[in-house]
Number of protein chains: 2
Amino acid sequence: MHKVEYLGEPTPEEIRELFERALSRGAVLVVFARCKVHYEGRAKSELGSGDRVIVLKPDGSFLVHQSKKREPVNWQPPGSVVRFEMRELPALVSVRRKPRETLVVEMEEVYHMVLFQAEDYEELALTGSEAEMAEVIFKKPELIEPGFRPLHREKPIKHGIVDILGVDKNGNIVVLELKRRRAELHAVRQLKSYVEALREEHPNVRGILVAPSLTSGARKLLEKEGLEFRKLEPPKRERGTGGRQRTLL
Amino acid sequence: MHKVEYLGEPTPEEIRELFERALSRGAVLVVFARCKVHYEGRAKSELGSGDRVIVLKPDGSFLVHQSKKREPVNWQPPGSVVRFEMRELPALVSVRRKPRETLVVEMEEVYHMVLFQAEDYEELALTGSEAEMAEVIFKKPELIEPGFRPLHREKPIKHGIVDILGVDKNGNIVVLELKRRRAELHAVRQLKSYVEALREEHPNVRGILVAPSLTSGARKLLEKEGLEFRKLEPPKRERGTGGRQRTLL
DNA sequence: TCATGCATCTCGGGA
DNA sequence: TCCCGAGGTGCATGA
């Protein structure tokens, strides 16, 4: 029982066998093939014949990669159900329910395929996120300004969710919109929307965009709307504690 | 000269050789290995030891896949430069400039690796995009309402870019914001922002959100702001003409 | 190059 | 389940 089993130039029956084995054993299957791809669901696409790398994961994820770009040319997300079908050509058919989506890969020639019984108990530990910017601000509110007091994190308001809600030394309500990277127009629209929602209930509301930098357009809209900017870089911990940290609650 | 070359349980020197061959021949290289991954750049991450599928594309794209999820756990985008390094363990090092980002995969055990000389001249033909919704509206403006005349597509205004700008039968300026799927708060904020920008120059501006449906929150903000909604599904052509269409300009 | 916005976005969290 | 917003978003487009 090795971690890897492979076949070169498999027959259709061999393809089916290795596919079924991967499925039943919860292994990853990678197929190197010339194929056509048909997709229909949220959108619809066709991809003519060419050589691609096909990855089937045990969680139902299905990727078709061309030899360029980071993104798969076609895919199916986790939870999809895949089967092997012998049509005119051997085919992999993946179906997702809700929304209904179907991916069909017709394999004209399979050059190689690999079953990989992957064992992996590790999770990514990532640092430098917006969540960590928020933590820093709660620990050192003076990074925003003297007298600032953060009160709520991810606070739902009338039309959206505010990153950080607090008060300044003069009792004004302060809305912070955080961005881990250069803030764009999009971020200013968010902040403006939150400030306007809060101003319906309170007389004095300030909005502050907190980010490492601003695009030119973002700065223009920010100034026009009387909103503010504080420069802040996302922190990079020495040792990330995992994407989702449930630190010190 | 076959399309596929593979090695099972390769030695470090064999790993290097197949890697170099893939690089020089512009082939895709897929490695099945137990590895650790270190990333630093826009953010920073660590991934402990586990079995993963590593994909190197000739355009510099670099993917590290765990056995779950559609997304690679770590990656490098096209244009990155990869090299093999013999450290304590054989390692793949990929560097991107602008922004500077480094990905290091330390391979503790390589179970299998495949060089794939992929030939592919096909591009995805996709239909059901927002761009196609716009085409439909320009061809049949009455889908919005009787007397509507679309004038501009992707029109830059003060603080953003309007999907479609036109006039109604009463001479009002009309801004359309298109969404190919259920429209969320985000879309309403965009539309509101565009309408407000145009109202600074013109007295009568209407804003219409065009989408298959609306989230509850989007509907509430839309109504509060006096904006409008027209239900429209993105069209699905019988034969998609390729992602980017430069049709009939 | 930068800025802007779409995407079959994906993914996670909360109600 | 839906809704909302982050993301090392990726990616194309236009200035």
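Every chain is numbered from 1 and lettered A, B, ... according to where its sequence line falls, protein lines coming before strand lines.
For D:dG8, the base has a donor-acceptor partner in the side chain of B:E101 [N/O atoms by modelled type, under 3.5 angstrom]. For B:Q76 against D:dG8, a side-chain N or O and a base N or O form a donor-acceptor pair under 3.5 Å. With hydrogens and angles left out, the side chain of B:N74 and the base of D:dG8 share a donor-acceptor pair within 3.5 Å.
The separation between A:L63 atom CG and D:dG10 atom C1' is 15 Å, rounded to whole Å. As rounded to whole Å, 10 Å separates atom P of D:dC11 from atom NE2 of A:H65. Atoms CG (A:L191) and P (D:dA6) sit 12 Å apart, rounded to a whole Å. In this entry the distance linking CD1 of A:I157 with P of D:dC3 reads 18 Å, nearest Å. As rounded to whole Å, 7 Å separates atom P of D:dC11 from atom CZ of A:R70. As a whole-Å value, the separation of A:K220 NZ from C:dC2 C1' is 14 Å. Taking atom CD on A:Q66 and atom P on D:dC11, their separation rounds to 12 Å, with Å as the unit. Rounding to whole angstrom units, NZ of residue A:K155 and P of C:dA15 are separated by 10 Å.
Between B:L23 and B:V82 there is a side-chain heavy-atom pair separated by less than 4.5 Å. Inter-residue side-chain proximity for A:L178 and A:I137 is flagged as met; some heavy-atom pair is nearer than 4.5 Å.
Look at B:R219 and you won't find any side-chain N or O under 4.0 angstrom from OP1 or OP2 of D:dC2. For the OP1/OP2 pair of C:dT10 and a distance below 4.0 Å, the side-chain nitrogens and oxygens of A:W75 include at least one atom meeting the criterion. Here A:S129 does not reach the OP1 or OP2 of D:dA6: none of its side-chain N or O atoms lies under 4.0 Å away. Close to C:dT4, at under 4.0 Å from its OP1 or OP2, lies a side-chain N or O of A:T215. Considering only side-chain N and O atoms, B:Q190 lies under 4.0 angstrom from the phosphate OP1 or OP2 of C:dC6.
Counting non-hydrogen atoms under 4.0 angstrom, A:P77 reaches nothing in the nucleic acid. Among the protein residues, B:P156 comes within range of no part of the nucleic acid, since none of its heavy atoms lies under 4.0 Å from any strand. Here A:G128 lies out of heavy-atom contact (under 4.0 Å) with every strand. At a threshold of 4.0 angstrom between heavy atoms, the contacts of B:G41 with the nucleic acid are absent. Using a 4.0 Å heavy-atom distance criterion, A:S216 is classed as a sugar-phosphate-only contact. At the heavy-atom level, B:E154 lies nowhere under 4.0 Å from the strands shown. B:P99 comes within contact range of no nucleotide atom at all, as no heavy-atom separation falls under 4.0 Å.
The gap from the P atom of C:dT4 to that of D:dG8 amounts to 22 Å, rounded to the nearest Å.
Atom-to-atom distance recorded for B:R206:CZ and B:I173:CD1 is 12.0 Å, nearest 0.5 angstrom.
Among D:dT9, D:dA6, D:dC11, the nucleotide with an atom closest to any side-chain atom of A:K69 is D:dC11.
Salt bridge B:K44/B:E46: absent, no basic N to carboxylate O contact under 4.0 Å.
Pairs of residues two or more places apart, or lying in two chains, that qualify as salt bridge (Lys or Arg N to Asp or Glu O under 4.0 Å) and include a residue from residues 181-194 of chain B are A:E196-B:K192, B:K192-B:E196.
Two residues, A:V73 and B:Y194, neighbour DNA chain C, and the one matched to the more 5' nucleotide by heavy-atom proximity is B:Y194. Toward the 5′ end of DNA chain D lies the nearest nucleotide of B:G217, the other residue of the pair B:G217 and B:Y39 mapping further downstream.
Ring pair A:H186/B:H186 is perpendicular by interplanar angle, where above 60° counts as perpendicular and below 30° as parallel.
For B:K36, the NZ atom is loosely surrounded, since the number of other residues' heavy atoms within 6.0 Å does not exceed 12. Within 6.0 Å of NZ on B:K220 lie no more than 12 heavy atoms contributed by other residues, nucleotides or ligands.
Of all the residues in residues 178-189 of chain B, B:K179, B:R180, B:R181 reach under 4.0 Å from DNA chain C with at least one non-hydrogen atom.
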List the atom pairs, with distances to 0.1 Å, where a side-chain N or O of residues 62-73 of chain A and a protein N or O form a donor-acceptor pair under 3.5 Å, not counting sequence neighbours.
| residue | atom | partner | partner atom | Å |
| --- | --- | --- | --- | --- |
| A:H65 | ND1 | B:K57 | NZ | 2.8 |
| A:Q66 | NE2 | B:D120 | OD2 | 2.9 |
| A:Q66 | NE2 | B:E122 | O | 3.0 |
| A:R70 | NH2 | B:E71 | OE1 | 2.6 |
| A:E71 | OE1 | B:R70 | NH2 | 2.6 |

